[in-house]
> 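This structure is in structure tokens; I'll ask about it shortly.
Here is the naming used below: chain letters follow the sequence lines, and residue numbers restart at 1 for every chain. None of these values were measured; they are calculated from a predicted model.
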Number of protein chains: 2
Amino acid sequence: MHEHEDAFREFLAKRGLKLTPERRLILEEVFRQHDHFEAEELLFRMRQRKVRVSKATLYRTLPLLVKAGLLREEVFGERHLHYEHVHGRKHHDHLLCLSCGKIEEFFDETMEQLQEQICARHGFAPTGHTLEIHGYCKDCRKRRG
Amino acid sequence: MHEHEDAFREFLAKRGLKLTPERRLILEEVFRQHDHFEAEELLFRMRQRKVRVSKATLYRTLPLLVKAGLLREEVFGERHLHYEHVHGRKHHDHLLCLSCGKIEEFFDETMEQLQEQICARHGFAPTGHTLEIHGYCKDCRKRRG
DNA sequence: CTCGATGCAAAGTATTTGCACCTAT
DNA sequence: ATAGGTGCAAATACTTTGCATCGAG
């Protein structure tokens, strides 16, 4: 699976930046995640695997991966960022459970089209969006009656 | 316009909390804003008006106003919160311009209904949502051709 | 060989908390 | 009276930055 590494290398080369071992290790770990994650979480997992990269380098690398289009930045109302890699994942939106904290994903084509229409009405050229619905998930509704 | 104060007092009383002068001053300033604002910004404006409330009290009061349903919390991708009061304002979503930082508001009934449908499909009981579309506004598109 | 990159620790930013004193109910 | 509230300053959480050294291209 060197496809991401190649993409990253190309992105870096284009702006005179270098693909260092550290950046490669971070990229590797990012794509090992199968869900949303936070910076500190990633660092912790790398340390568990005995992979050592400084916090500073991690914080310097994540934005690069976002700019390279390999990572997506999500804001979940907390005061730190969440990320998710883009490996063959289509865009999707989120349902956040206020009770158990679970994050469900969904995709709805009608929703996407509707947003295009709204933007057109405002003369707005969209580059992306975030839709986050807060509430209570199926399980938590059952649990509390 | 004591209607908000009454609502806040009722909210507080219900849980054995008190309506102090400081809380009243913060509430007053919140409804003096006609747009989104940040905690530090509000504090600054209060200081300009020679109204003195400690930072700690402000940070302790804002969440109360949110819980009381008088203030809405918005997350604009930055790492600090934005607020907007709810005085007779209907729910709306946002268009964020990446170039000039302008925030346009919009409301679309079809969008609201569509979200209800999506939630129903997932057995999810929504309490609210945030939809933020990022891109370039009409003016900035003109400016850059 | 030359910039860009790294690690460390110190500095920032936004927000929260402990504590001694104060006050709305 | 008394539980809750206040200001202050110290603490926290997350992220950024300065600097001396290192290493990819």
> In whole Å, what is the span from the CE atom of A:M46 to the C1' atom of C:dG7?
14 Å
> For B:E84, which of B:H34, B:H92, B:Q33 qualifies under side chain to side chain donor-acceptor pair (under 3.5 Å)?
B:H92
> Write down the distance between CD (A:E38) and P (D:dA13), rounded to a whole number of angstrom.
13 Å
> Output the single nucleotide from D:dG25, C:dG18, C:dT15 whose closest atom is nearest the side chain of B:R60.
C:dG18
> Do A:E28 and A:R49 come close enough that some side-chain heavy atom pair is under 4.5 Å?
no
> Rounded to whole Å, please give me the gap between NZ in A:K55 and P in C:dG7.
13 Å
> Hey, is the side chain of A:T57 poking within less than 4.0 Å of OP1 or OP2 on C:dG7, counting only N and O atoms?
yes
> Between atom CZ in A:R24 and atom P in C:dT6, what is the gap in whole Å?
12 Å
> Given D:dG25, C:dG7, D:dT6, identify the nucleotide with an atom nearest to the side chain of A:K18.
D:dG25
> For B:E41 and B:F37, work out which heavy atoms get closest and say how close.
OE1-CA, 3.6 Å
> On DNA chain D, does the nearest nucleotide to B:G16 precede the nearest nucleotide to B:L58 from the 5' side, or the other way round? Give the residue.
B:G16
> The side chain of B:T20 lies closest to which of these nucleotides: D:dG5, C:dT16, D:dG7?
D:dG5
> Check this one for me: any side-chain N or O of B:Y59 less than 4.0 Å away from OP1 or OP2 of C:dT15?
yes
> Rounded to the nearest angstrom, tell me the gap between atom CG in A:L12 and atom C1' in C:dC3.
14 Å
> Counting side-chain heavy atoms from C-beta on, which of D:dT6, D:dA24, C:dA5 comes nearest to A:P21?
D:dA24
> Of the options C:dT15, D:dA9, D:dT17, whose atoms approach the side-chain atoms of B:A56 most closely?
D:dA9
> Looking at B:K102, I'd like to know if its NZ atom is crowded, meaning that more than 12 non-hydrogen atoms belonging to other residues, nucleotides or ligands lie closer than 6.0 Å.
yes
> Could you tell me how far apart A:L42 (CG) and D:dT15 (P) are, to the nearest whole angstrom?
12 Å
> Out of C:dG7, C:dT6, D:dC8, which has the shortest distance to the side chain of A:R23?
C:dT6
